[in-house]
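Heads up, the thing below is written out as structure tokens.
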2 protein chains.
Amino acid sequence: MSLAASPGTGRGSTPTMKDVAQAAGVSVKTVSNVVNDYEFVSEATRGKVNKAIEELGYRVNVPARNLRLGYTGMISLAIPDLTMPYFAQLSSLVIEEAKKLGMRVLVEPTLYSREGEIEALHGSQRSMIDGLIYSPLELGMDDLDQLRVDYPLVVVGERIFSDQFDHVATENVEGAKHATAYLINTGCRRVAVIGTHPGEKLGSAALRLEGYRQGLEEAGLDYDPRLVAPSRMWHRIDGVNAMNSLLDQGIVPDGVVALNDMLAAGVLHSIQMHGMSVPDDISVIGFDNSDDSQYLSPSLTSISPGLKAVARLSVRVLKDRINGVQPLNTKESQHVFRKVSSSLVVRNSTRALPGNEIAV
Amino acid sequence: MSLAASPGTGRGSTPTMKDVAQAAGVSVKTVSNVVNDYEFVSEATRGKVNKAIEELGYRVNVPARNLRLGYTGMISLAIPDLTMPYFAQLSSLVIEEAKKLGMRVLVEPTLYSREGEIEALHGSQRSMIDGLIYSPLELGMDDLDQLRVDYPLVVVGERIFSDQFDHVATENVEGAKHATAYLINTGCRRVAVIGTHPGEKLGSAALRLEGYRQGLEEAGLDYDPRLVAPSRMWHRIDGVNAMNSLLDQGIVPDGVVALNDMLAAGVLHSIQMHGMSVPDDISVIGFDNSDDSQYLSPSLTSISPGLKAVARLSVRVLKDRINGVQPLNTKESQHVFRKVSSSLVVRNSTRALPGNEIAV
DNA sequence: TTGTACGCGTTATCAG
DNA sequence: CTGATAACGCGTACAA
């Protein structure tokens with residue numbers, strides 16, 4: 001079966017419903033009925049039609065169907081960077097969930113740029129997708145009106161809050177608080193935090209920092225700004241740099257909350273370069289529980305954000321919006337706001353809780 | 001501007017060319033001309049039309065245009081697993097390249113399954129894409145006829161070779177040979193290889209193993225099957241297991257070629273668990289030069305496969321095929337076969353070459 | 001149970 | 001330079 005001349009057709013191009021109809025000696029409508037599993041078709045005709053379809057190698061033309069039906073079966077997923085484990089994971093899960101619901105996903109990395117994020121919202125693909133799952137990093141509360149779009153939209157993350165759209169968030173504050181408390185419970189007294197975004201009010205950096213503060217406060221420890229190492233980016237190199245800057249200033253914490261796992265990996269590196277040991281000298285906790293975290297040395301204790309639930313929820317909510325049904329059990333004209341709870345996965349970069357075994 | 005009632009239109013739905021034409025007092029064709037930057041349109045009408053477009057908030061309906069034009073501007077990228085750094089990186093680069101050429105990418109993880117890979121080739125999205133970049137892992141030379149598809153296809157990787165389709169490959173043999181030779185040059189005499197796929201004749205595992213053998217041979221060392229640790233999967237846990245199995249049998253190499261970086265990370269872990277040091281006791285080289293490799297401890301010497309070139313080449317070749325032009329400088333009805341050369345990135349998991357500094 | 005005819009929003013042809 | 005009008009391939013009232 002190569003390119004041109006298939007047996008039945010005179011033309012070289014791909015067969016259409018009309019061709020099938022002709023070959024089977026029925027009308028287009030009947031072919032359509034068979035293709036779409038319409039109930040009331042006699043076995044005889046169904047057989048004929050299927051045979052013709054088989055012989056001609058017919059496949060429905062999706063764009064044409066889309067044009068007719070007014071939807072495309074595609075959703076877009078806008079994320080900052082596909083090479084970050086967190087987003088790669090999220091994308092993978094979203095694709096999987098969408099597939100279960102019969103939708104396809106157009107992944108669109110916005111590459112840490114404001115224009116990229118705005119284009120994802122208002123760009124030209126607009127008409128070729130049914131909806132958008134949107135994870136902004138650059139846009140903030142000032143850009144709320146950008147988010148007023150006339151198609152189904154689910155926002156993932158914490159840079160923006162509003163009751164004007166559906167939102168799936170992770171428990172950043174609680175997660176960071178939990179991490180900080182855990183460090184303190186295992187004996188740390190000078191807990192540093194790596195990767196903050198000074199001046200930012202929302203977004204995961206700010207929320208995680210807030211959790212860190214709450215953790216300190218509940219334990220009765222003071223917040224010491226010198227133990228806070230900002231970093232705009234969250235790649236590993238940034239973790240190395242931030243931790244180096246602390247240690248090189250002679251600021252030596254006994255515990256570190258890194259705002260994601262890649263930063264944490266960098267922190268481990270930096271600590272070891274300075275001739276110290278984890279967790280004996282310094283304990284480290286990461287965020288995201290990425291695949292890597294268990295293979296760093298030492299393996300990394302990390303906050304797991306429940307990405308699978310995020311993916312499931314966002315896709316389902318979006319699908320409901322596309323179908324015009326009210327998602328989950330929200331009331332009419334109300335928007336979804338769901339937090340996905342996170343959990344602490346204990347590995348070897350932190351010391352044992354007093355009187356406990358370390359989980360591996 | 002919310003859902004319903006925009007100012008000009010009577011209907012609630014999105015405006016069409018017809019609406020614009022009406023509003024501007026011209027014909028549909030003229031609107032089309034303006035939208036598509038047709039040269040011969042008077043400034044006056046162009047102005048009128050643009051004004052109407054602006055006012056109505058008109059956007060072209062891509063599916064409709066696609067139906068008319070017969071293409072979709074979308075290509076598909078089928079890869080085994082988006083969460084593997086190698087493929088995440090490749091996807092990211094392909095998306096970027098495609099965007100430069102005005103195309104969008106549908107990423108399709110085949111999830112290590114044969115059916116997934118076959119579906120990517122023959123599945124229902126067939127009609128909504130213009131072409132496919134295909135990186136199979138399960139399909140082999142026995143499945144060559146599956147690859148005879150009637151749409152533009154570029155195969156990436158080394159599981160399948162044929163002059164029946166365009167192919168972009170990386171230099172696996174040469175890379176592994178280079179790695180092995182480097183270990184030997186830095187004093188290793190018992191070099192193990194981790195992650196082979198026994199029985200496999202093609203595919204990167206087999207090719208990299210072949211390179212390893214060539215490296216040994218050129219150095220006059222014997223091939224010792226006990227130093228070969230197979231592993232079907234290439235995640236880090238597999239590296240841990242494979243290396244453990246070697247060490248636990250009392251087989252202690254002084255150098256290891258891991259067939260990818262994740263395996264290598266596992267190998268480092270295993271070695272350290274066994275109380276040995278890298279590179280003093282055992283040197284380790286990985287494959288893929290993933291972002292992680294520089295933040296393992298010790299940082300990982302690795303073969304860099306030149307993914308950017310792979311992405312560039314595959315997208316460009318595919319685009320040429322879609323446009324019906326002969327890609328690169330191949331002759332009529334000839335297929336592209338290009339190898340992208342790899343290079344060795346030296347870090348701290350290997351010892352210094354005699355008389356040389358270690359690059360960092 | 002099946003067939004006819006029309007429209008989805010574009011672009012292309014070909015007169016004007 | 002611009003305007004009717006016919007496709008593109010499919011789904012669907014409506015009729016038979």
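Hydrogens, waters and symmetry mates are skipped; everything else that's a heavy atom, side chains included, is used.
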Testing C:dT2, C:dG9, D:dT2 for proximity to the side chain of A:L67, the answer is C:dG9

Should the heavy atoms of other residues, nucleotides or ligands under 6.0 Å from CZ of A:R312 be counted, would the total exceed 12?
-> no

A:L69 side chain, from C-beta outward: closest of D:dG11, C:dT2, C:dT11 = D:dG11

What integer distance in Å separates A:I53:CD1 from D:dC10:C1'?
-> 13 Å

For B:M17 and D:dT5, give me the distance from atom CE to atom P, rounded to whole Å.
-> 18 Å

Axis-to-axis angle across the helix from C:dT1-D:dA16 to C:dG16-D:dC1, five pairs each end, nearest 10 degrees, ~ 40°

Is B:V26 touching bases, backbone alone, or none of the nucleic acid, heavy atoms closer than 4.0 Å?
-> sugar-phosphate

Is the closest side-chain heavy-atom distance between B:D163 and B:F337 below 4.5 Å?
-> no

Rounded to whole angstroms, how far apart are CG on B:D19 and P on C:dG9?
-> 8 Å

A:N33 has an atom CG; how far is it from atom C1' of D:dG9, in whole Å?
-> 16 Å

Below 4.0 angstrom from OP1 or OP2 of C:dT2, is there any side-chain N or O of A:T45?
-> yes

Rounding to a whole Å, what distance do you find between B:K48:NZ and D:dG3:C1'?
-> 12 Å

Specify the separation, in whole Å, of atom CG of A:L56 and atom P of D:dG9.
-> 14 Å

If you look at every strand shown and take non-hydrogen atoms under 4.0 Å, does A:V28 touch a base, only sugar-phosphate, or nothing?
-> nothing

Among D:dG3, C:dG9, C:dT1, the nucleotide that comes nearest once only the side chain of A:S42 is considered = C:dT1

OP1 or OP2 of C:dG9 sitting under 4.0 Å from any side-chain N/O of B:R65?
-> no

Could you tell me whether B:R59 contacts a base, only the sugar-phosphate backbone, or nothing, with contacts defined as non-hydrogen atoms closer than 4.0 Å?
-> sugar-phosphate

Reckon A:Y71 touches a base, only the sugar-phosphate, or nothing at all at heavy-atom distances under 4.0 Å?
-> nothing

Among D:dG11, D:dC10, C:dT11, find the nucleotide with the atom closest to the side chain of B:S32.
-> C:dT11

Among A:V156, A:V315, A:V107, which one satisfies side-chain contact (heavy atoms from CB on, under 4.5 Å) with A:V94?
-> A:V315

Please tell me if the side chains of A:E96 and A:L93 come closer than 4.5 Å, counting only heavy atoms from C-beta onward.
-> yes

Closest to side chain of B:A64, choosing from D:dG11, C:dT10, C:dT1 | C:dT10

Tell me: NZ of A:K18 to P of D:dC8, nearest whole Å?
-> 7 Å

Do the non-hydrogen side-chain atoms of B:V20 and B:E54 ever get within less than 4.5 Å of each other?
-> no

Are side-chain heavy atoms of A:E138 and A:E115 found at a separation under 4.5 Å?
-> no

Minimum side-chain heavy-atom gap A:V168-A:D166 below 4.5 Å | no

Consider the side chain of A:T16, meaning its heavy atoms from C-beta on, and name the nucleotide among D:dT12, D:dG3, D:dC10 that approaches it most closely.
-> D:dC10

Here the pair of heavy atoms bringing A:L153 nearest to A:Y134 is CD1-CB, 3.7 Å

Touch check for A:N36, heavy atoms < 4.0 angstrom, all strands: base, sugar-phosphate only, or nothing?
-> sugar-phosphate

Side-chain N,O (B:Y58) to OP1/OP2 (C:dT10) below 4.0 Å | yes

Closest to the B:R68 side chain: D:dT2, D:dC8, D:dT12?
-> D:dC8

Does the side chain of B:T30 get closer than 4.0 angstrom to OP1 or OP2 of D:dG3 through an N or O atom?
-> yes

Atom CD of B:E39 and atom C1' of D:dC1 are separated, to the nearest Å, by 12 Å

First locate atom OG of B:S76, then atom CG of B:L318, and finally report the distance between them rounded to the nearest 0.5 Å.
-> 10.0 Å

Nearest listed nucleotide, side chain of A:N61, among C:dT10, D:dG11, D:dC10 = D:dC10

